[in-house]
Amino acid sequence: FGIELEVEPQRVNYNDCASQTLNTMNANNNVVYCKSDSSINGYEIVTHPIQYEAIKDIPFRQLCKELSIRGTTSYKGARCGVHIHIPKDSLTVMQWWKVFMFFDMFRSEIHKLSQRSSSQRHWCKIESATLYMSGSSKRDWSESGGQTVDFWKYNDFNRYTSDVPRYSAINTQGRITNEFRIFRGTTKYESFMSYIEFVDCLTEFVKQYGLPLFISEFKERLSLTSLKKSNKLWKLFCAYASIKQYKYLCSMLDRKHLI
């Protein structure tokens, strides 16, 4: 994982706040660095690459508490986000397609979980899964009439494009990593951890179920004749999160009435 938390100091000097952040986070190991960000009135706290299992050993809880005490905000200004990178090769291409379709199918649920307001979503737009089609697949699909519900008939699930807008909810432009940009900034530790758990849970969940199940639900949810859209995959995802004990994610799902 590579994690970026954008924050905006309110009552203290920018450099002083960043220095205090480094002192807190790097007391025992060099795990984060800070960098400026012109899109906000503050800076980013960025982890060096770290295994998911080791995240619990990083003093994020202490950091969130200290940021709040100093008046440093992330959620309040509505400009900040939490961005989570994972290696492209941590999933197969077909598994990435399941992630793209999952986001497309469950936009409303993911928007609620992300805590992004509608005015913020231009920084992290959930794209149609069709946007990730590449080459001849996309051309053949477009020539067929470009019906989203039929894209799976033309798509090559062994390839996806990196040519998507940078400000997409899943940014695939990176050479080594794909970036989940959907999450609203926060200095609340429980919310911050729920975002990380969501990404880990989803990327593990897509390994458990085959592509035909995702395609079947994708078709049903997009069908104009479907009066009652299926939530089977979402229910399976929530059950998986509970079984695997993603406690912060499950708490967020419950709080947002998504279970």
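These figures come from a predicted structure and were not determined experimentally.
- Side chain to side chain, Y43 and T21 meet the donor-acceptor criterion of an N or O pair below 3.5 Å.
- With hydrogens and angles left out, the side-chain atoms of S162 and Q173 include no donor and acceptor closer than 3.5 Å.
- Between the E6 side chain and the G81 main chain, a donor and an acceptor come within less than 3.5 Å of each other.
- With C17 as the fixed residue, the side chain to side chain contact (heavy atoms under 4.5 Å, CB included) test singles out one of E8, E66, R70: R70.
- Using a 30° and 60° split on the angle between ring planes, F180 and F103 fall in the tilted class, from 30° to 60°.
- Taking the six-membered ring for Trp and the full ring otherwise, the centers of F214 and F218 sit at least 6.0 Å from each other.
- Atom CE of M105 is separated from atom CD1 of I110 by 9.0 Å, given to the nearest 0.5 angstrom.
- The main-chain N or O of W234 is never found under 3.5 Å from a side-chain atom of E109 such that the two would form a donor-acceptor pair.
- At a threshold of 4.5 Å between non-hydrogen side-chain atoms, the residues W96 and T172 do not count as touching.
- T73 and Q10 are linked by a side-chain donor-acceptor pair at a separation below 3.5 angstrom, with hydrogens and angles left out of the test.
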Take I170 and S168 through the test side chain to side chain contact (heavy atoms under 4.5 Å, CB included) and record every step on the way to the result. CA-CA 5 Å; I170 306 174; S168 299; 5.8 Å; no

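- Between the side chains of H85 and E4, at least one donor N or O sits under 3.5 Å from an acceptor N or O.
- Rounded to the nearest 0.5 Å, atoms CG (L131) and CG (D163) are 8.0 Å apart.
- No donor-acceptor distance shorter than 3.5 angstrom exists from the side chain of Y209 to the backbone of L233, with no hydrogens or angles considered.
- Side chain of R181 to main chain of H83: no donor-acceptor pair is present (N/O by atom type, distance under 3.5 Å, no hydrogens or angles).
- Between F60 atom CZ and I45 atom CD1 the span is 8.0 Å, to the nearest 0.5 Å.
- Without hydrogens or angle criteria, S216 side chain to P212 main chain gives no donor-acceptor distance under 3.5 Å.
- Between F183 and Q115 the shortest side-chain heavy-atom distance does not fall below 4.5 Å.
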Do any side-chain atoms of residues 244-259 form donor-acceptor pairs under 3.5 angstrom with protein atoms, and if so which ones, sequence neighbours left out?
from : atom 1 : to   : atom 2 : distance (Å)
Y246 : OH     : D200 : OD2    : 2.7
Y248 : OH     : R61  : NH2    : 3.1

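- A salt bridge links E204 and K207; the closest N-O separation between the charged side-chain nitrogens and carboxylate oxygens is under 4.0 Å.
- Not a single donor-acceptor pair under 3.5 Å links the side chain of N29 to the backbone N or O of V31.
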Side-chain polar contacts of residues 185-193 - donor-acceptor pairs under 3.5 angstrom, sequence neighbours left out - could you list them?
from : atom 1 : to   : atom 2 : distance (Å)
T186 : OG1    : K188 : N      : 2.9
T187 : OG1    : S68  : OG     : 3.4

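- A distance of 9.5 Å separates CG of N26 from CD1 of I58, quoted to the nearest 0.5 Å.
- A donor-acceptor contact shorter than 3.5 Å links the side chain of Q95 to the backbone of T92.
- Residue pairs satisfying the ring pair (Phe, Tyr, Trp, His ring centres under 6.0 Å) criterion with at least one member in residues 116-136, sequence neighbours excluded, are listed as follows: F100-Y132, W123-Y167.
- In this structure, the side chain of W141 engages the main chain of Q147 through a donor-acceptor pair within 3.5 Å.
- Around atom CD of Q51, no more than 12 heavy atoms belonging to other residues, nucleotides or ligands sit under 6.0 Å away.
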Could you please spell out the steps behind the side chain to side chain contact (heavy atoms under 4.5 Å, CB included) verdict for F106 and H111? CA-CA 9 Å; F106 301 112; H111 279 143; over 6 Å; no

